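All chains are named by letter (A, B, ...) in the order of the sequence lines, taking the proteins before the strands, and each is independently numbered beginning at 1. This is a predicted model, so every value here is computed, not measured.
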Amino acid sequence: MTKIIKVQKGTKDILPEDISLWQFMESTALDVFTRAGYKEIRTPIFEATELFQRGVGDTTDIVNKEMYTFEKSERSLTLRPENTAGVVRSYIENGMHRLSAPVKLWYKGPMFRYERPQAGRQRQFHQVGVEMFGVKEPAADAEVILLAIDFLKNLGLPNLSVEINTLGCSECRKKFRALLIETLRPYYDALCDDCKERFEKNPLRLLDCKVESCKEIFAKPEIQQVIQSDFTCPDCSIHFENLKSYLDALGIVYKVNKQLVRGLDYYNRTVFEIKSENLGSQNAVCGGGRYDTLVSNLGGEPTPAIGWAMGMERLASLLENKFDDKLDIYVVSDNKTETLKLVQRFRSLNYSVDFDMAGKKFTKQLEKAAKTAYFAIILGDDEINGEYLTLKNLETAKQIQVPFANIDDFEKHMYKFIRTNSSEWMQSKLSMLASGFTIS
RNA sequence: GCGCCUGUCGUCAAGUGGUUAAGACCUCGGAUUGUGGUUCCGAUAUACAUGGGUUCGAAUCCCAUCGGGCGCCCCA
């Protein structure tokens, strides 16, 4: 037996039966982001490995153990694990700092991370995201968060919980880090192995630990005091306070989560996450934040920036596939020549039309029509001889005869009529139209 | 990388040591040579993941391998 090749672990086909949902997400993204003045950018799926090492940060798990890296012609290349680094690279390379600020970009596409797949996590997954360059003021933070919520609303997900936090600037963080290390040092031996490592490399990430024993330590009053303390400098505080007041004014409900630390090294000041309770343990739909130093770290002019990304598979699992893919019309006929001519004509008028090519019997054709279309056009010998076609509403079983001579007129009326999904509306339109024709 | 669960037709799914391994859906055909989605009949499929072992006998018990799922870590 010939071996069947299967999809690779952590990858999935997006099948025709689900594609409407994906097209809906994509068209909604285009619509919402365009309205907010964002332009789409498409960057390559692989980049120089160094881009991610410097961009995402080489202390991160993403770079340390999750990248698909390969060598080709003595270059080290990596399948993008996220797209901010790529967009920033393109921003710098194409001199976009000379464009009038802000530069607002959005993207969608596949990302790759080598991880154990589980609910809400694949090795190839899709993100849609936005990046805004050139505005350091908190109004940008508010706009970007508003945009995320606006997008989710347009998808039909209005009530997800928003969490925000501020990481402060590098100065603030230095202070905080020192204080945290100092306070935590007595408990060092009790920390889990991961935390011991974080303790040295990236103490901020300690707060993310989910090991119970570590959580208990972090719950201690003196440590909570440090975590909850306001370590931000006046500028960062004002920035965060302004953001909160904007969000309040927008009526956006959020929670300040002091323990929210994004796992990518480039974030500063504002970070945020949008979560759902219906996703299993991978509950973040959206994550993002401000990254004011990334552009200069990658060799560009110092440019403040902020953005977020959403996982499209996670969005899809929250969305119900309520889209039906029915055709407008299925032509039932034994006369292929006339059928083809009719199909051509109706398709050119923007109807979706299909027909039988295999020479199946009338009843089978009609059965197929009933399964796949709203309307059947019946074109038999009687019709052809009498120079009319029979239009059958497959929901109501009503049919009307339309003389060929009237087809132009019919098409004009039928366009809206057929495009709607409301069967009541269809019926009323049908009877209206039928007044000019014979009902059989 | 570590834990737990799980592999029977395209899909869902009975079967827990002896069965011709059910059934349903899907697909196709017929009843119905011009009226469907209801009904009835029929057809199609190399279905027990693979390799060992235990046993007179294994889809069923054991081991390994490989898939799938979930959780930890991390993230979208």
Side-chain angles (χ1 to χ4, degrees), chain A residues 1-10 12 15 17 56 59-66 81-84 108-129 148 160 192-195 197-198 202 205 208-212 214 260-264 272-276 279-289 307-318 326 330 332-335 358 360-384 390-399 440:
Chain A
M1 202 194 344
T2 312
K3 189 184 163 196
I4 294 167
I5 298 167
K6 297 199 276 192
V7 273
Q8 292 305 291
K9 196 186 186 78
K12 273 188 178 143
L15 297 167
E17 63 200 56
V56 181
T59 66
T60 63
D61 281 358
I62 291 180
V63 169
N64 275 327
K65 43 188 201 192
E66 297 175 6
E82 56 95 57
N83 206 28
T84 297
K108 64 176 196 297
M111 308 295 158
F112 306 84
R113 292 181 199 173
Y114 186 80
E115 296 178 272
R116 269 299 273 282
Q118 67 186 68
R121 167 184 301 160
Q122 292 170 212
R123 288 179 175 179
Q124 176 176 170
F125 61 103
H126 297 77
Q127 286 188 333
V128 56
L160 302 179
C192 71
D193 290 347
D194 285 336
C195 280
E197 211 176 309
R198 295 189 188 108
N202 201 339
R205 205 92 58 70
D208 267 346
C209 188
K210 283 164 187 128
V211 176
E212 278 307 317
C214 292
L260 177 65
V261 183
R262 316 240 67 256
L264 291 76
F272 55 93
E273 228 170 64
I274 300 177
K275 294 178 179 175
S276 164
L279 278 173
S281 69
Q282 311 303 320
N283 61 358
V285 200
C286 174
W308 51 254
M310 295 198 196
M312 296 182 77
E313 281 79 1
R314 291 183 190 179
L315 288 175
S317 73
L318 293 175
K326 278 197 175 180
Y330 192 92
V332 175
S333 173
D334 290 328
N335 187 324
K360 291 200 173 132
K361 288 185 180 169
F362 183 87
T363 50
K364 292 296 170 192
Q365 288 192 35
L366 197 60
E367 196 179 320
K368 176 86 169 175
K371 276 181 193 160
T372 58
Y374 290 109
F375 288 84
I377 284 178
I378 297 168
L379 193 65
D381 293 341
D382 292 350
E383 279 84 357
I384 292 167
T390 298
L391 177 76
K392 183 183 180 85
N393 182 328
L394 291 162
E395 278 188 44
T396 61
K398 283 186 184 169
Q399 47 190 63
S440 61

Review point. Hey, is the side chain of A:T60 poking within less than 4.0 Å of OP1 or OP2 on B:C75, counting only N and O atoms?
Key: no
Review point. Is the distance from OP1 or OP2 of B:G71 to the nearest side-chain N or O of A:Q118 less than 4.0 Å?
Key: yes
[X]: which residues meet the salt bridge (Lys or Arg N to Asp or Glu O under 4.0 Å) condition with it, sequence neighbours left out?
| X | result |
| --- | --- |
| A:K9 | none |
| A:K368 | none |
| A:D61 | A:K65 |
| A:K371 | A:E367 |

Check your understanding: With a non-hydrogen cut-off below 4.0 angstrom, is A:Q122 in contact with a base, only sugar-phosphate, or nothing?
Key -> base
Review point. Heavy atoms under 4.0 Å, any strand shown: does A:G120 hit a base, just sugar-phosphate, or nothing?
Key: base
**Study point:** Non-neighbouring partners of A:S317 that pass side chain to side chain contact (heavy atoms under 4.5 Å, CB included), sequence neighbours left out
**Key:** A:L279
Study note, to complete from the structure: Taken in chain and number order and not counting sequence neighbours, the residues that satisfy side chain to side chain contact (heavy atoms under 4.5 Å, CB included) with A:D381 are A:N385
If I pick the [atom1] atom on [M] and the same atom on [N], what distance separates them, to the nearest angstrom?
| N | M | atom1 | answer |
| --- | --- | --- | --- |
| B:C75 | B:C5 | P | 29 Å |
| B:G69 | B:G34 | P | 49 Å |
| B:A64 | B:U20 | C1' | 33 Å |
| B:C4 | B:C41 | P | 49 Å |
| B:U54 | B:A13 | P | 34 Å |
| B:C26 | B:A58 | P | 37 Å |
| B:A43 | B:G7 | P | 31 Å |
| B:G23 | B:G42 | P | 11 Å |

**Study point:** N/O donor-acceptor pair under 3.5 Å between A:E82 side chain and A:T84 backbone
**Key:** yes
Check your understanding: If only atom types and distance count, is the side chain of A:Q365 paired as donor or acceptor with the main-chain N or O of A:S333 below 3.5 Å?
Key -> yes
What pairs of nitrogen or oxygen atoms, one from the protein and one from nucleotides 1-3 of chain B, lie under 3.5 Å apart?
unit_1 : atom_1 : unit_2 : atom_2 : d
B:C2   : N4     : A:R116 : NH1    : 3.0
B:G3   : O6     : A:R116 : NH2    : 3.3

For atom [atom1] of [X] and atom [atom2] of [N], their distance in whole Å:
| X | N | atom1 | atom2 | result |
| --- | --- | --- | --- | --- |
| A:I62 | B:C73 | CD1 | P | 16 Å |
| A:I274 | B:C75 | CD1 | C1' | 15 Å |
| A:N283 | B:C72 | CG | C1' | 14 Å |
| A:M312 | B:A76 | CE | C1' | 11 Å |
| A:K275 | B:A76 | NZ | C1' | 13 Å |
| A:Q282 | B:C72 | CD | C1' | 10 Å |
| A:Y330 | B:G37 | OH | C1' | 14 Å |
| A:E273 | B:A76 | CD | C1' | 9 Å |

Exercise for review: For RNA chain B, just give me the dot-bracket, please: Watson-Crick or G-U, both distances below 3.5 Å, ( ) intra-strand, [ ] crossing earlier pairs, | paired with another strand, . unpaired.
Suggested key: ((((((((.[[[..)..(....]]].(((((.......))))).....[[[[[..)....]]]]])))))))....
Practice item. Please tell me which of the listed nucleotides, B:C72, B:C28, B:G69, lies nearest to the side chain of A:K360? Key: B:C28
Check your understanding: Taking the side chain of A:A119 as its heavy atoms from C-beta onward, which of B:C73, B:G71, B:C75 lies nearest to it?
Key -> B:G71
Exercise for review: With sequence neighbours left out, write down each residue that passes side-chain hydrogen bond (donor to acceptor under 3.5 Å, both in side chains) with A:E66, or none if nothing qualifies.
Suggested key: none
Point to revise | Pairing residues for A:E313 by the side-chain hydrogen bond (donor to acceptor under 3.5 Å, both in side chains) criterion, not counting sequence neighbours | key: A:H126
Review point. Rounded to the nearest 0.5 Å, how far apart are OG of A:S276 and CG of A:L318?
Key: 4.5 Å
Study note, to complete from the structure: Letter by letter from the 5' end, nucleotides 30-36 of chain B scores (B base, S sugar-phosphate only, - none; protein heavy atoms under 4.0 Å) S-S-BBB
Review point. With a cut-off of under 6.0 Å to the ring centre and 45° to the axis, is A:R123 in cation-pi contact with A:Y114?
Key: yes
Check your understanding: On RNA chain B, nearest-nucleotide positions of A:E82 versus A:L279: which is more 5'?
Key -> A:L279
What nitrogen or oxygen pairs link the protein and nucleotides 8-10 of chain B at under 3.5 Å?
none

Study note, to complete from the structure: Of all heavy-atom pairs linking A:L394 and A:A369, the shortest is CD1-O, 3.4 Å
Practice item. Looking only at non-hydrogen atoms, find the nearest pair between A:D334 and A:K360 and report the distance. Key: OD1-O, 4.0 Å
Check your understanding: Taking atom types as modelled, is there a side-chain donor on A:T390 or A:Q399 under 3.5 Å from an acceptor on the other?
Key -> no
Point to revise | Within 6.0 Å of NZ in A:K12, more than 12 heavy atoms from elsewhere | key: no
